[in-house]
Participant: 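Below: one structure in structure tokens.
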Protein chains: 2
Amino acid sequence: MDVFEAVAEPTRRHLISLLSERDHTAGELVDSLPALTQPAVSRHLRILREVGLVEARPDGQRRVYALRPDGLQRIDDWITPYRRFWRDHLTALEQHLENQ
Amino acid sequence: MDVFEAVAEPTRRHLISLLSERDHTAGELVDSLPALTQPAVSRHLRILREVGLVEARPDGQRRVYALRPDGLQRIDDWITPYRRFWRDHLTALEQHLENQ
DNA sequence: TAGTTGTATAACTAACTGCGTATATAAGCG
DNA sequence: CGCTTATATACGCAGTTAGTTATACAACTA
């Protein structure tokens with residue numbers, strides 16, 4: 001699973017949103033998603049860890065999850081070359097020539 | 001399928017990249033992806049059309065595909081609030097306070 | 001009009017994803 | 001030590017996805 005597939009899942013985007021406000025323990029995140037069971041949230045967190053979007057630090061019995069600064073940057077790097085497409089409304093040909 | 005799932009697929013990101021250089025007919029895109037059959041590429045193009053990332057205009061017998069300027073903007077809008085996370089390397093708490 | 005070319009759809013299948021239940025692991029607590 | 005709490009993993013299942021082959025549809029062409 002790569003970072004694009006990771007953020008394609010709405011629940012994981014929700015987790016990212018929660019973690020962007022402040023760090024949360026795993027249990028707090030479970031409580032924030034009442035539609036899901038604890039194992040379901042735990043697996044989403046594992047995926048977010050594996051693609052580098054979040055990190056977990058142990059705090060006694062708990063695990064505190066935090067958003068990693070460089071995780072989403074990989075998506076931003078991908079989207080950057082296309083940004084002028086909607087910002088300037090250039091035609092594809094004009095863009096191509098600009099790149100020469 | 002939403003725009004996030006659409007771009008999560010590597011082949012579809014490849015198609016977006018090709019279309020960002022210039023418009024292509026469906027056949028040209030098929031030729032650019034020799035690992036896939038024509039129906040497979042056609043289905044990817046349908047998905048990209050359905051989520052608004054590309055548009056097709058008929059040109060006689062052919063269909064010319066073009067990248068839509070506003071398609072990827074929805075992903076950019078989502079990522080924008082998190083951009084400061086990697087740009088400024090602020091802590092989550094500092095960001096939260098900034099938003100007050 | 002018959003054949004050919006360009007593209008889309010149908011039908012099927014293998015692989016993958018996300019979920020819940022059950023269970024394991026590990027740390028705090030009496 | 002047991003017992004409880006916090007979190008992760010195992011497993012099986014239902015739904016989805018991406019691929020193929022076969023076929024339909026539509027537009028040129030001789």
Participant: Taking for each residue the nucleotide of DNA chain C bearing the nearest heavy atom, is the 5' side occupied by B/Ala40 or by A/Ile47?
Facilitator: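 The residue closer to the strand's 5' end, by nearest nucleotide, is B/Ala40.
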
Participant: Return the polar atom pairs (N/O with N/O) between nucleotides 3-6 of chain C and the protein under 3.5 Å, or none.
Facilitator:
{"from": "C/dT5", "atom 1": "O2", "to": "B/Gln61", "atom 2": "NE2", "distance (Å)": "2.1"}
{"from": "C/dG6", "atom 1": "O4'", "to": "B/Gln61", "atom 2": "NE2", "distance (Å)": "3.4"}

Participant: Testing A/Leu33, A/Thr11, A/Asp31 for side chain to side chain contact (heavy atoms under 4.5 Å, CB included) with A/Val41, which one passes?
Facilitator: A/Leu33

Participant: Rounded to the nearest 0.5 Å, how far does CG of A/Asp23 lie from CD of A/Glu55?
Facilitator: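 If we round to the nearest 0.5 Å, A/Glu55:CD and A/Asp23:CG are 8.5 Å apart.
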
Participant: Generate the contact string for nucleotides 10-17 of chain D. Rules: B means base contact, S means sugar-phosphate contact only, - means no protein heavy atom under 4.0 Å.
Facilitator: -------S

Participant: Expressed as a whole number of angstroms, how long is the span from A/His44:NE2 to C/dT17:C1'?
Facilitator: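 Atom NE2 in A/His44 sits about 10 Å away from atom C1' in C/dT17.
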
Participant: Expected output is a numbered-order residue list: members of residues 50-60 of chain B with a heavy atom under 4.0 Å from any atom of DNA chain C. What is it?
Facilitator: none

Participant: Quick one: is A/Tyr65 getting a side-chain N or O under 4.0 Å of the D/dA8 phosphate, OP1 or OP2?
Facilitator: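 A/Tyr65 to D/dA8 OP1/OP2: side-chain N or O found under 4.0 Å.
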
Participant: Treating Ile, Leu, Val, Met, Phe, Trp and Tyr as nodes and any side-chain heavy-atom pair under 4.5 angstrom as an edge, say whether B/Val64 and B/Leu29 lie in one connected cluster.
Facilitator: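 As far as the 4.5 Å side-chain criterion goes, B/Leu29 and B/Val64 are not connected within one cluster.
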
Participant: Under a 4.0 Å threshold between the charged nitrogen and the carboxylate oxygen, would A/Asp76 count as salt-bridged to A/Arg83?
Facilitator: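 A salt bridge is present here (some side-chain N lies under 4.0 Å from a carboxylate O).
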
Participant: Rounded at 0.5 Å granularity, tell me how far CD1 in B/Ile75 sits from CG in B/Asp2.
Facilitator: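 Output value for this atom pair is 8.5 Å.
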
Participant: Okay, side chain of B/Arg63, backbone of B/Ala26: is any donor-acceptor separation there less than 3.5 Å?
Facilitator: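 No: the side chain of B/Arg63 does not pair with the backbone of B/Ala26.
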
Participant: Among A/Arg49, A/Glu28, A/Arg57, whose side-chain hydrogen bond (donor to acceptor under 3.5 Å, both in side chains) with A/Tyr65 holds?
Facilitator: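 The passing option is A/Arg49.
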
Participant: I need the full list of ring-ring contact (aromatic ring centres under 6.0 Å, His included) pairs touching residues 1-29 of chain A, with sequence neighbours left out, sorted by first then second residue.
Facilitator: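 Every pair satisfying ring-ring contact (aromatic ring centres under 6.0 Å, His included) with a residue in residues 1-29 of chain A: A/Phe4-A/Trp78.
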
Participant: Which heavy atom of B/Val7 sits nearest to which heavy atom of B/Arg13, and what is that distance?
Facilitator: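 Between these two residues, the closest heavy atoms are O-NH1, 2.7 Å.
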
Participant: Can you give me the closest heavy-atom contact between A/Glu9 and A/His44, atom names plus distance?
Facilitator: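 Taking every non-hydrogen atom into account, OE1-CE1, 3.6 Å.
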
Participant: Identify the heavy atoms of A/Ser20 and A/Ser17 that sit nearest to each other, and give their distance.
Facilitator: OG-O, 2.7 Å

Participant: Is there a residue in residues 29-38 of chain A whose heavy atoms reach under 4.0 Å of DNA chain C, and which residues are they?
Facilitator: A/Ala35, A/Leu36, A/Thr37

Participant: Quick check: closest heavy atoms across B/Ala6 and B/Leu53, and the distance to 0.1 Å?
Facilitator: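 Looks like CB-CD1, 4.1 Å.
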
Participant: Does B/Arg74 have any side-chain contact (heavy atoms from CB on, under 4.5 Å) partners at least two apart in sequence or in another chain, and if so, which?
Facilitator: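 B/Arg74: side-chain contact (heavy atoms from CB on, under 4.5 Å) contacts with B/Val3.
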
